[in-house]
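What follows is a single structure, written as structure tokens, with notes after it.
All of these numbers come straight from a predicted model, not from anything done at the bench. Numbered from 1 within each chain, the chains take letters A, B, ... in sequence-line order.
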Number of protein chains: 2
Amino acid sequence: MENEPKSVIGRRGSYAKGVARRQEILDRAIEVFAERGADGTSLRRIAEAIGVSHATLLHYFDSREQLLVAVYEHAESLRQAPEDLEQSSVDVMVAAATENVGVPGMVQLYSTLVATAIEEPAGESKEFFTRRFERVRTDMAQRLRDEQAAGTVRDDIDAETLATMLIALSDGVQTQWLLDPSIDLRDTLSRATALIAAR
Amino acid sequence: MENEPKSVIGRRGSYAKGVARRQEILDRAIEVFAERGADGTSLRRIAEAIGVSHATLLHYFDSREQLLVAVYEHAESLRQAPEDLEQSSVDVMVAAATENVGVPGMVQLYSTLVATAIEEPAGESKEFFTRRFERVRTDMAQRLRDEQAAGTVRDDIDAETLATMLIALSDGVQTQWLLDPSIDLRDTLSRATALIAAR
DNA sequence: GTCTATACGAAGATAGAC
DNA sequence: GTCTATCTTCGTATAGAC
């Protein structure tokens, strides 16, 4: 029974030691980001923190960008499954955002990678975030469709558009919150419930 | 009569030739971004496109980051004054976003600088965007307050919070649109009118 | 004041030794 | 699998020409 890496990103290291090493890199990297901020995201800094050379990191990941995407994906996968069927669309959004800002460096990493994704015509980031937005939007839209059918959410705007708006709202408020922590992230995002409520 | 630079950013170049050169740099830089994408944002690339040495750029701007902020500020200042008093808050947001995405490289530059702003504890970007969000939020909130008083916008959410939400929405949708141009930016943002309408 | 030449250190990436 | 050495590009700093 093989222990296949879950991600499409960085397929190397399928053997036991390689897999362990790969996990160690991902686990440590997010900590380095949290501790050292932007200065801790270079290959050499991360490698130093782990105790290997920067060339070793490139043995497991094709590029710095690929490593960063894998780190984000890994950190995101560690979060609790958001799929309480009882939770409303806005509740899911608020929960995700709250967990996000609770991990130091997470919003910064997200923001950096999204910026890279929209800058580069064809890079690891672009592919990852295009797929991610598609997936998150689809999930959110389905939830909203159910709520529209149940009569709790307004149906004068289609679910896909509402999903796009809620995700944009969440991303944007997280950014503003980092620049002005006096903003009440949870409260602000929760107000979306009133905005999308059935009339 | 001195011809003082309008911005706090990059105060050098008060003499005739210097002022002209500085304008040329700002004008050309945004074009280079549009033409060459992320690969065109290095000092050496920009300098090459303008026909000067990269050291010259640092004569007018203290750092690459400061140059990039100045370029963004300059490009933004070229836009038509958004202050038609007849326009609604959402109309202003939609107009600004539409003009934004109409300038190639603009959203990418914005995104890159915001990412830098939230990464660096104390940098040019952080100061600029903290102030900018504050200003844009205040302007938008005032507009919303007027609309609440006029009875066209719901007043169960305070104007400051609504302003934060509208700005977040605009930023977020622009990002998603770059990764998936099938999203109708104008239509999606315009739907906000219904969301914040008085009940 | 304007601008170039040059040097330094850090960065991502690659090649090849072990 | 991991290292060192090396290449190239980058931001930045300085010295000095005009």
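- If B/His54 and B/Arg21 are placed on DNA chain C by their nearest nucleotide, the residue sitting closer to the 5' end is B/Arg21.
- One interatomic measurement links the two molecules: CD of B/Glu65 to C1' of D/dT12, which rounds to 13 Å at whole-angstrom precision.
- Atom pair B/Tyr15:OH and C/dC3:C1' shows a separation of 17 Å (rounding to whole Å applied).
- Atom P of nucleotide D/dT12 and atom CZ of B/Phe61 are separated by 13 Å, given to the nearest angstrom.
- In this structure, the CD1 atom of A/Ile50 is 11 Å from the P atom of D/dC3, given to the nearest Å.
- The shortest distance between the side-chain N/O atoms of A/Ser63 and the OP1/OP2 oxygens of C/dG12 is not below 4.0 Å.
- B/Gln23 has its CD atom 13 Å from the P atom of C/dT2, to the nearest Å.
- A/His59 has a side-chain polar atom (N or O) that falls below the 4.0 Å cut-off from OP1 or OP2 of D/dG1.
- Distance alone, capped at 3.5 Å, is enough to place a donor-acceptor pair between the B/Arg154 side chain and the B/Leu195 backbone.
- Looking only at atom types and distance, the side chain of B/Gln174 has a donor-acceptor partner in the side chain of B/Ser170 under 3.5 Å away.
- The closest side-chain heavy-atom distance from A/Phe33 to A/Gln108 is not below 4.5 Å.
- Proximity of residues 36-44 of chain B to DNA chain C (heavy atom under 4.0 angstrom from any strand atom) is restricted to B/Arg44.
- A sub-4.0 Å separation between OP1 or OP2 of D/dT2 and a side-chain N or O of A/Thr56 is absent.
- Both A/Arg45 and A/Ala55 lie near DNA chain C, and the one whose nearest nucleotide falls closer to the 5' end is A/Arg45.
- With ring centers used as reference points, B/Phe133 lies 6.0 Å or more from B/Phe128.
- The separation between B/Arg64 atom CZ and D/dA13 atom C1' is 17 Å, rounded to whole Å.
- No donor-acceptor pair under 3.5 Å is formed between the side chain of A/Thr56 and the backbone N or O of A/Val52.
- Between B/Tyr60 and the phosphate of C/dG1, there is no side-chain N or O to OP1/OP2 separation shorter than 4.0 Å.
- Put simply, CD1 on A/Ile46 is 17 Å from P on C/dA10, counting in whole angstrom units.
- In this structure, the side chain of B/Thr138 engages the main chain of B/Glu134 through a donor-acceptor pair within 3.5 Å.
- A/Leu58 has its CG atom 14 Å from the C1' atom of D/dG1, to the nearest Å.
- For the residue pair B/Arg64/B/Thr41, the side-chain donor-acceptor check at 3.5 Å is satisfied.
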